[in-house]
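Any value given below was found using the heavy atoms of this structure, including those in side chains, with hydrogens, waters and symmetry copies removed. Residue numbers begin at 1 in each chain, while the letters A, B, ... track the order of the sequences.
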Amino acid sequence: MNQKASGILLDISYSSGEQEESLITLFVKTSEGIQRFVDPAFRPYLYLTAKNPRKVMEYLNAHPFPDGSRIIGTETVTKSSHENAVKVVFRNTVELSNNRPALKKIDGVLRLFESDILYPKRFLLDHRLSPLNEVEVEFTENNGRKEIHSIASEPGGPLQLNLLAFDLETLAPGRFSDPSQDPILTIGVAATGVESVVFTYGKGFEGQKNVKVCSDEKETIEAFISFVQEFAPDGIVTYNGDSFDFPYLKTRCEKYGLKLGVGHGKSEPSQKKISIFNAQKLRGVQHVDAFQIVKFLARMAVITSPKLDLESVVKHVFGFEKEKLPVESINEIWNSRKNTERLIQYNREDTEFTLKLANQFLPLFIELGRITQQTLFDATRSTSSVNVESIMMQEALARGALIPTKPSSEEAEERNQSPIQGGYVREPVQGLHERIAVLDFRSLYPSIIISHNISPETLNCPHASCVKGSNQAPEENTWFCEQEKGLIPSVLARVLEKRIEVKKKMKAEKDPLQINALNAQQHVLKILLNSSYGALIYPRFRWYCRECGQAATAWGRHYVKKVMEEAEQNGFRTLYGDTDSAMLQVPAEKEKKDIEAFVERINAKLTGSMELEFKGFYRRGLFVSKKSGGAAKKKYALMGFDGKMEVVGFESVRRDWAILVKELQRKVLEAVLAEGDPQKALEEVRRTVKRLQEGKVSKKELVIMTQLRRQTQNYQAIGPHVAAVRKAESEGKKFSTGSLIEFIITRSGKSISDRARLSESVKEGDYDSDYYIHHQVLPAVEKIFEELGYRKEDLLHGGKQSSLFSFEGH
DNA sequence: TAATTCGCTAGACCGA
DNA sequence: TCGGTCTAGCGAA
């Protein structure tokens, strides 16, 4: 008897043994909890192209592979992209992947396709199923196994998941916690719709609310596991659970012979390698590591906090100053059993904010998962190229084209050797300017790709009319088909249209939950659009196309130069431009509407989806000179008519400069641009210099942050941050690559690196004032004062004003 | 084995 | 000790 069920598709996995058939398993959140379905009929397969498909099929059906296994079926198929394609079906994924080399060697086989698509992804693609969407399943129950007959998904609206966040505090006796020796002290749990609980053990917690006190660590872990099992969450949230909380908990469980059964059916977490790091995966239940989310958002410039630890991110996102309990205090509280409520509060807050972060950003990843056919687990750990690849795969399937395999390492390496030319950056007109209009192209590269039909299959097409046609890239010997729309332009056009549609819907919507979901959707579409060009020239991308990338940037340079040229012809002066933008000086006799009219005229001439936008009109702008002379590119400050200042590229927006200097530079820029008092700004500089000299500047203002991007022994040139870390390493401290190093230049040592020390091991007042004056303060402000006619000497001493007004002369 | 290229700057490094 | 070159990091787009 056929039965039906519906719910949210949460997870997909498969089992594959050497001897048995691979089996797809789906986990669906239904009204009766998470249910498990299998599809015994679905088999893994790949495609090959052959000179003579029949011959290859005959051969395959008659001969086993060297490992003794046999294919279970072949079929000729018609594909729009290639002729003579054959589908080859395998019993399981192991046999498929093991026999790819043998298959390639068979006489008459030209190429393999889709042989590296993971089995669950294959299933989702073929069934047009998206995780996190609503699915309808038709199934029969067989020996307790729910076997799928049919399954289909529908786009879903806002999705409310039952989440449970947890966070561990562990003992760190004078070193980093080691799960093989150091116990877990507390486990904080926060979950949707219930009050947070902290699990702990021992004395000193009497009378504290929502604290579950056990007799020992083992019992604490058991109580935690039972709590999770009873709550039965759809997702478990951590902050860095991939590399800390889950592995730690696992090791402690092993010590006590406990099963960390927090997945579906009390299954335990397993390690899954994702590119270069290990993630902790649960079956059915989605492990969301909020730290991975934050890293993704930092790459997309949605989160701009330089440090990504929970405290910094919470401050950045929620504006809340969370207390950070130092490890020494944790140890002390634990050992003395005094002030235990501080430890509890700290753990509770960490856990609650971890959940809050997930709630804040999950809608984005839910939409990403839906659009790119990934589970929440994968979507939150995904990369740009995988996301773009995913929507291209869907398009390839829809148009019956074969999906190319990923390039081999050698191919990728070779592609790496020939970088392509990027955008055009115009040298700015140095100095202080009035009335500046900023114009830029909306999604420049995607809109060029769409408008000029740039795609691997349309490149240098053989149609006679295209060969000598009008769609040739400027200064390049490449052209693109004008008759058939390419795969990449089709995808991007759809994404662009969809985004416009979603934004429209959003405007009309009243329900805040709906608006939130729609906003997440349009944001995901924007992210996909923005990363599409990068993917195209990423050496490991399936649809990598060097000529396509080269053509896109060639058109980009062409269009942006054209705008500057026409602007000049229309009475504007081009001050600067970078890749997709032009900054124009607007003469006094022109108004805002003249700029708008100019933009309109340009847009009337632009084809397809290309569009120039009028981004803003500014009262004043400043371009300074480079140290080596000439005007500096990618470095400017603008002042709006509303008094708001935008600083780009200057030291004050860089994390590797001391806060003292960054704040000072902003003040100086303000003074210059707001037509304030440069003399006041000068006083400010002198005051700062004096404070430095008198030793009055606090550590906090002097810290310089730099990322440690490799292990210390792998550096050729030992910069200050590496030197500081090496000193700390010799004292037994450990550092991982990617961590932010906070250091201060002290007085003891010869070279700058010799004098660099980790901020945490420097006493207040121990800093090299000469270094901060001559290597930080002055370089950051002198170029700005230079534009006002001041010289470097004027900054330090005397009240020289003679040259103050001299800039009016030139 | 995390999308790209363009550009600036600091400070080490190295040979004269 | 100097000045040029190289390594490294970060930001703009």
Side-chain angles (χ1 to χ4, degrees), chain A residues 116 273-277 292 295-296 298-301 304 306 381-389 406-409 412-413 415-416 418-428 440-441 443-445 527-541 543-544 546 548-550 552-553 556-557 560 576-581 624-636 646-657 704-710 714-723 738 740-741 745 750-756 771 774-776 779-780 783:
Chain A
D116 55 356
K273 202 164 178 191
I274 293 188
S275 67
I276 53 167
F277 70 94
Q292 301 292 345
K295 281 203 282 187
F296 181 96
R299 286 202 294 276
M300 299 297 148
T304 52
R381 292 169 180 79
S382 194
T383 63
S384 295
S385 70
V386 169
N387 293 335
V388 175
E389 173 184 272
K406 284 187 204 158
S408 63
S409 302
E413 194 43 49
R415 292 169 177 184
N416 231 345
S418 57
I420 77 156
Q421 202 183 341
Y424 168 67
V425 190
R426 179 157 157 136
E427 181 169 330
D440 77 5
F441 283 99
S443 305
L444 178 68
Y445 291 153
I527 287 172
L528 290 170
L529 222 45
N530 285 347
S531 34
S532 58
Y533 163 76
L536 191 62
I537 57 171
Y538 170 51
R540 315 192 90 92
F541 193 56
W543 283 275
Y544 172 89
R546 193 182 184 285
C548 297
Q550 185 78 30
T553 59
R557 293 189 294 273
V560 81
Y576 177 59
D578 185 350
T579 310
D580 61 353
S581 71
V624 297
S625 72
K626 277 187 294 191
K627 193 167 196 183
S628 54
K633 297 164 177 172
K634 297 185 187 284
K635 199 170 186 182
Y636 57 88
E646 282 172 41
V647 180
V648 177
F650 271 101
E651 287 76 5
S652 51
V653 298
R654 295 177 63 97
R655 70 173 173 205
D656 54 351
W657 284 75
I704 298 167
M705 276 195 279
T706 310
Q707 199 184 5
L708 189 71
R709 300 216 289 196
R710 49 184 90 163
N714 296 341
Y715 280 90
Q716 292 182 49
I718 310 304
H721 71 298
V722 182
L740 271 192
I741 307 305
I745 306 300
K750 252 184 102 195
S751 69
I752 293 170
S753 285
D754 287 342
R755 280 174 282 156
Y771 170 84
H774 291 103
H775 292 255
Q776 290 269 318
K783 294 292 171 193

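The CD1 atom of A:Ile718 lies 11.5 Å from the CG atom of A:Asp754; values are rounded to the nearest 0.5 Å. To the nearest 0.5 Å, atoms CZ (A:Arg710) and CD (A:Gln716) are separated by 7.5 Å. With rounding to the nearest 0.5 angstrom, the OH atom of A:Tyr533 is 14.0 Å from the OG atom of A:Ser384. A distance of 10.5 Å separates OG of A:Ser408 from CD of A:Glu413, quoted to the nearest 0.5 Å.
Across B:dT9, B:dC6, B:dC13, the shortest atom-to-atom separation from the side chain of A:Ile718 is found for B:dC13. The A:Asp580 side chain lies nearest to C:dA13 when the options are C:dA13, B:dG11, C:dT7. Of the candidate nucleotides C:dA13, B:dA12, B:dT1, B:dA12 has the atom nearest to the side chain of A:Ser751. The nucleotide whose nearest atom lies closest to any side-chain atom of A:Trp657 is, among B:dA10, B:dC8, B:dC6, B:dA10. Checked against C:dA12, C:dA8, B:dT9, the side chain of A:Lys635 finds its nearest nucleotide in B:dT9. The side chain of A:Ile752 lies closest to B:dA12, out of B:dT9, C:dC10, B:dA12. Minimum atom distance to the side chain of A:Val648 is reached by C:dA13, of the listed C:dA13, C:dC10, B:dG7. Between C:dG9, C:dA13, B:dT4, one nucleotide has an atom nearer to the side chain of A:Ile537 than all others, and that is B:dT4. Listed nucleotides: C:dC10, B:dT5, C:dA8. Nearest to the side chain of A:His721: C:dA8. Comparing B:dA10, B:dG11, C:dA12 by their nearest atom to the side chain of A:Val653 picks out C:dA12.
Contact annotation: A:His775 does not reach the phosphate of B:dA10 (side-chain N/O to OP1 or OP2, under 4.0 Å). Close to B:dC8, at under 4.0 Å from its OP1 or OP2, lies a side-chain N or O of A:Lys626. Remark: A:Tyr576 is not in phosphate contact with B:dG7, judged by side-chain N or O atoms under 4.0 Å from OP1 or OP2. Put simply, A:Tyr715 has a side-chain N or O that comes within less than 4.0 Å of OP1 or OP2 on C:dG9. OP1 or OP2 of C:dG11 has not a single side-chain nitrogen or oxygen of A:Lys633 nearer than 4.0 Å. One finds a side-chain N or O of A:Tyr771 lying less than 4.0 angstrom from the OP1 or OP2 phosphate oxygen of B:dG11. For the pair A:Arg540 and B:dA3, the criterion of a side-chain N or O lying under 4.0 Å from OP1 or OP2 is not met. Note on A:Arg654: every side-chain N or O is 4.0 Å or more away from OP1 and OP2 of C:dG11. Contact annotation: A:Thr579 does not reach the phosphate of B:dT5 (side-chain N/O to OP1 or OP2, under 4.0 Å). Side-chain nitrogen and oxygen atoms of A:Gln707 include at least one within less than 4.0 Å of the OP1 or OP2 phosphate oxygen of C:dC10. Not one side-chain nitrogen or oxygen of A:Thr706 sits closer than 4.0 Å to the OP1 or OP2 atom of C:dG9.
Rounded to whole angstrom, the span from the CG atom of A:Leu528 across to the P atom of B:dA3 amounts to 13 Å. If you take CZ of A:Arg546 and C1' of B:dA3, they are 16 Å apart, rounded to a whole angstrom. The distance between atom CD of A:Gln421 and atom P of C:dA13, rounded to the nearest whole Å, is 19 Å. The interatomic distance linking A:Lys750 (NZ) with C:dT1 (C1') rounds to 11 Å, in whole Å. Taking atom CD on A:Gln716 and atom P on B:dA10, their separation rounds to 21 Å, with Å as the unit. Taking atom CG on A:Leu740 and atom P on C:dG9, their separation rounds to 12 Å, with Å as the unit.
The pair A:Asp578-A:Lys633 does not count as a salt bridge, with every side-chain nitrogen at least 4.0 angstrom from each carboxylate oxygen.
Residue contacts shown for A:Arg755 are absent, as no nucleic acid heavy atom lies under 4.0 Å away. Across all strands, A:Ser385 comes closer than 4.0 Å only to sugar-phosphate atoms, never to a base (heavy-atom distances). A:Arg709 comes within 4.0 angstrom of a base, heavy atoms only. Nucleic acid contact class of A:Gly422 (heavy atoms, under 4.0 Å, all strands): sugar-phosphate only. Within the 4.0 angstrom heavy-atom criterion, no nucleotide atom of any strand lies near A:Pro428. Nucleic acid contact for A:Ile420: sugar-phosphate only, since backbone atoms but no base atoms lie under 4.0 Å from a heavy atom of the residue. Counting non-hydrogen atoms under 4.0 angstrom, A:Ser753 reaches the backbone sugars and phosphates but no base. Base contact: A:Lys634 has a heavy atom under 4.0 Å from a base atom.
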Check step by step if side chain to side chain contact (heavy atoms under 4.5 Å, CB included) holds for A:Tyr445 and A:Thr553. CA-CA 7 Å; A:Tyr445 291 153; A:Thr553 59; 3.6 Å; yes
Take A:Ser385 and A:Arg540, measure what side-chain hydrogen bond (donor to acceptor under 3.5 Å, both in side chains) needs, and give me the verdict at the end. CA-CA 9 Å; A:Ser385 70; A:Arg540 315 192 90 92; over 6 Å; no
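Between A:His721 and A:Tyr715, the ring planes lie perpendicular to each other; the angle is over 60°, past the 30° to 60° tilted range.
For the P atoms, the distance linking B:dG7 with B:dA3 amounts to 23 Å, nearest Å.
Residues A:Ile274 and A:Gly719 each lie close to DNA chain B; by heavy-atom proximity, the contact nearer the 5' end of the strand is made by A:Ile274.
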